[in-house]
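Worksheet for the structure shown next.
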Amino acid sequence: MRTSWADSVANSASEIAVSDNSSVPRPTRSTYVPPHLRNRQASDAPNLPGPATERATFTGTAGGSLGSRWSSDPPKPEMGRPGPGYGYAGAVAGRGGSGGGWNNRSRGWDRREREVNPFDDDVDDKTDDAEQAFSEQENTGINFDAYEDIPVETSGENVPPPVNTFAEIDLGDLLNQNIRRCKYVKPTPIQRHAIPIALSGRDLMACAQTGSGKTAAFCFPIISGIMREQYVQRPRVARTVYPLALILSPTRELSCQIHDEAKKFSYQTGVKVVVAYGGAPINQQVVIPSSLLRELERGVDILVATPGRLVDLLERARLSLQMIRYLALDEADRMLDMGFEPQIRKIVEQMDMPNRGVRQTMLFSATFPREIQRLASDFLSNYIFLAVGRVGSSTDLIVQRVEFVHESDKRSHLMDLLHAQRENGAHGKQALTLVFVETKKGADSLEHWLCINGFPATTIHGDRTQQERELALRSFKTGKTPILVATDVAARGLDIPHVAHVVNFDLPNDIDDYVHRIGRTGRAGKSGLATAFFNEGNLSLARPLAELMQEASQEVPAWLTRYASRAPYGGSKGRRSGGGRFGGRDFRRESSFGKNLDYYGGGNSGSGYGVPSSNYGGGYAPGVTSAWD
Ligand SMILES: Nc1ncnc2c1ncn2[C@@H]1O[C@H](COP(=O)(O)OP(=O)(O)OP(=O)(O)O)[C@@H](O)[C@H]1O
């Protein structure tokens with residue numbers, strides 16, 4: 001019998017206990033290494049290719065004689081952050097530097113701060129009650145081995161081979177320890193392939209199914225690269241900070257989630273992660289929260305941000321991108337979609353970020369429409385295209401159902417589903433259900449209706465304040481309000497454990513949005529259920545939906561097949577990358593693609609942004625405001 005990946009987590013727990021308590025030598029004062037040099041010693045530096053060696057154009061890399069101490073001793077947990085003399089300033093002084101200045105604390109820990117143990121949060125988050133309910137609801141049959149047979153395609157020059165274990169990739173002791181703390185026993189397929197590529201310094205366009213571990217796939221190489229690098233001298237300009245890595249995502253919640261993950265992965269490594277989200281709508285006065293400014297002043301290596309807030313910081317010269325070595329776009333196709341592309345182009349091409357080929361750029365998503373791939377290639381240099389699983393397809397772990405429901409019957413139909421679910425749930429508890437609707441008003445109205453009908457619900461959408469959004473998410477995660485009514489703002493990236501059911505109360509116009517929405521369940525090897533209410537208003541989605549379901553080995557109702565055969569191909573208008581077959585999804589391989597300029601509204605238009613034409617299935621019906629931040 002094969003042992004599943006998730007099952008082996010239990011075995012790893014005992015390994016963690018052993019490795020945490022046993023032979024890890026504790027540092028003494030005399031042998032203490034400053035945080036930014038903690039992992040370096042010439043004697044045991046591995047001979048690994050890495051961005052530092054590949055991209056030599058960065059200046060300020062000092063101290064070659066110090067080498068790289070890769071198998072490091074973590075500081076004693078009870079020590080918290082070391083005091084003066086252990087931090088950055090001390091190290092600079094020791095190397096003949098001057099100390100002082102805005103950025104000097106960026107790689108060291110100030111005595112007054114203690115690094116909060118991010119692994120405690122998980123425990124705090126769960127009440128015993130909720131925990132028990134969830135573990136009882138939890139899907140059995142978790143099987144990461146299901147991913148083993150997944151088709152993988154790479155294209156590009158000299159693709160580094162994949163690895164099978166984390167041990168094969170030398171990420172450094174401290175990062176490895178955090179990986180064990182996260183209970184990641186072995187890399188997911190996207191991690192197996194993407195991490196060696198990223199560690200070799202190559203640009204990457206990576207596509208893998210929802211919930212398959214893409215966050216770690218770009219975070220590990222970035223953190224490891226920053227740990228591995230020699231001391232990087234950053235400019236000293238008052239009030240301006242110089243991060244080394246930038247991770248962009250489309251929503252505040254997703255940025256916060258990536259930040260939380262990155263904090264776990266970088267715990268006690270000395271790599272400092274800060275999140276900046278929000279940002280002023282156009283024509284409104286920019287108010288950057290003082291808490292964010294204070295946080296930045298304490299130093300930042302990796303900045304996780306939404307584009308709006310990042311532009312605020314850049315325009316106010318509180319931040320410079322001059323030292324960026326790593327740029328990662330999560331949900332990259334959304335980041336380069338109509339709503340965001342001008343902002344992203346401004347950030348990447350019109351500010352002070354190093355050019356492509358100098359910085360390392362990584363783009364990740366579960367969907368990568370061809371015309372977006374083409375836009376994205378502007379930001380990449382000699383990149384590798386990696387597709388794990390069928391590009392833009394949903395995972396087989398999600399059971400998909402489509403029901404024909406007239407607009408006027410949707411509420412009562414939803415009620416039936418929720419009643420049935422409650423009856424089947426553990427102790428009559430409602431399983432976590434995420435209900436997607438098209439508009440913010442629609443979300444509020446459905447939430448109200450559910451509440452007055454005895455189903456505790458909350459909402460998340462763009463008209464709610466950040467505090468309300470955070471509260472709603474928390475209340476949903478803990479099971480206090482087990483129904484979350486959401487617009488597309490919650491469609492991408494959010495990793496909420498135990499979401500049992502995703503209901504597409506209103507179907508999106510774009511099949512890729514559907515893929516991301518249903519991907520909020522069936523994550524990390526667990527199974528999930530997705531129900532869609534389909535009616536005459538969704539005809540353009542009939543064909544791509546039927547195809548997608550077929551690809552994912554789902555039962556397609558006969559009525560949907562009939563609609564699909566009659567309907568024009570909508571819901572993605574030629575955007576789909578691969579269109580139902582695996583292989584050849586790298587747009588560079590499709591020789592005819594570049595000639596078909598219809599997708600681009602005339603190719604590279606005068607705007608320079610390649611703004612898609614009106615036949616571009618951007619995902620929003622006319623007059624519907626974007627739900628994105
Ligand atoms: N190697 C691993 N072993 C076990 N669990 C993992 C591993 N890597 C990631 N996970 C877990 O899998 C879940 C999904 O990961 P993640 O959120 O990165 O998925 P994703 O591919 O980015 O999904 P999406 O496309 O929806 O953004 C997370 O809870 C994460 O902690």
Side-chain angles (χ1 to χ4, degrees), residues 4-13 118-119 121-122 125 138 142-148 150 163-167 169 171 175-176 178-195 206-220 247 249-251 253-265 328-335 362-368 386-389 391-395 397-398 434 477 488 490-499 502 512-526 528 530:
S4 89
W5 183 17
D7 290 342
S8 48
V9 163
N11 303 337
S12 81
F119 297 96
D121 296 350
D122 294 343
D125 241 19
E138 196 150 339
I142 300 168
N143 187 7
F144 273 87
D145 285 353
Y147 290 152
E148 293 303 320
I150 212 157
V163 291
N164 289 312
T165 62
F166 285 122
I169 338 164
L171 292 166
L175 181 47
N176 275 331
N178 292 334
I179 293 171
R180 286 197 297 272
R181 283 177 171 133
C182 288
K183 301 191 168 74
Y184 293 1
V185 174
K186 63 180 194 176
T188 65
I190 181 68
Q191 292 162 4
R192 289 181 49 217
H193 290 262
I195 295 174
C207 199
Q209 288 162 330
T210 51
S212 62
K214 293 187 286 292
T215 314
F218 59 77
C219 281
F220 289 176
I247 300 173
S249 98
T251 65
E253 285 76 16
L254 184 51
S255 286
C256 288
Q257 182 182 296
I258 296 168
H259 168 253
D260 292 347
E261 291 289 286
K263 290 276 273 194
K264 287 184 191 170
F265 303 148
L329 302 191
D330 195 16
E331 309 299 341
D333 57 331
R334 176 57 80 202
M335 304 301 285
M362 294 178 271
L363 310 182
F364 280 77
S365 185
T367 50
F368 246 120
L386 166 66
V388 179
V391 175
S393 78
S394 64
T395 135
L397 297 162
I398 305 167
L434 185 48
K477 277 182 180 173
D488 262 335
R492 284 184 179 243
L494 291 189
D495 185 51
I496 304 168
H498 312 292
V499 173
V502 170
D512 286 349
D513 291 338
Y514 172 84
V515 168
H516 287 277
R517 285 179 178 189
I518 67 169
R520 296 318 98 210
T521 185
R523 300 178 67 74
K526 297 194 182 72

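Each ligand, and each atom within it, is numbered from 1 in the order the structure gives. These values consider heavy atoms only, across backbone and side chains, with no hydrogens, waters or symmetry-generated copies. Owing to the predicted nature of the structure, the values given are computational and were not obtained by experimental measurement.
- Ligand 1 has no N or O atom lying under 3.5 Å from any N or O atom of D330, backbone or side chain.
- Of the N or O atoms in G211, one or more lie within a sub-3.5 Å distance of an N or O in ligand 1.
- Taking CD1 of I496 as the start and OG1 of T521 as the end, the distance is 10.5 Å to the nearest 0.5 Å.
- Taking only nitrogen or oxygen atoms, main chain and side chain alike, G213 reaches within less than 3.5 Å of ligand 1.
- Nearest-heavy-atom check against atom 26 (O) of ligand 1 across K526, Q257, R523, K183 picks out R523.
- Heavy atoms of K186 found under 4.0 angstrom from ligand 1 belong exclusively to the backbone.
- Near S212, meaning under 4.0 Å from one of its heavy atoms, ligand 1 places the atoms 19 (O), 20 (P), 21 (O).
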D495 vs Q257, side chain to side chain contact (heavy atoms under 4.5 Å, CB included): CA-CA, chis, key distance, verdict: CA-CA 8 Å; D495 185 51; Q257 182 182 296; 3.3 Å; yes
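- In terms of modelled atom types and a separation under 3.5 Å, the side chain of S365 and the main chain of C207 share no donor-acceptor contact.
- In this structure R517 satisfies the side chain to side chain donor-acceptor pair (under 3.5 Å) test together with D488, N504, sequence neighbours excluded.
- Side-chain N or O atoms of E261 include none that pairs as donor or acceptor with a backbone N or O of I258 at under 3.5 Å.
- The heavy atom nearest to atom 31 (O) of ligand 1, out of those in F364, F218, Y184, is found in Y184.
- The distance from ligand 1 to the heavy atoms of T215 drops below 4.0 Å at these ligand atoms: 16 (P), 17 (O), 18 (O), 22 (O).
- A side-chain donor-acceptor contact under 3.5 Å links K214 to the backbone of A208.
- Residue contacts with ligand 1, taken as heavy atom pairs separated by less than 4.0 Å, involve T210 via backbone and side-chain atoms alike.
- Between F220 and Y184, the ring planes lie tilted relative to each other; the angle falls in the 30° to 60° range.
- Every ring pair (Phe, Tyr, Trp, His ring centres under 6.0 Å) that F218 has, sequence neighbours left out, goes to F364.
- Only the side chain of R520 comes within 4.0 Å of ligand 1, counting heavy atoms alone; its backbone N, CA, C and O stay farther away.
- Shown in contact with E331 at under 4.0 Å from a heavy atom are these atoms of ligand 1, numbered in order with element: 27 (O).
- The atoms of ligand 1 that sit less than 4.0 Å from any heavy atom of Q209 are 21 (O).
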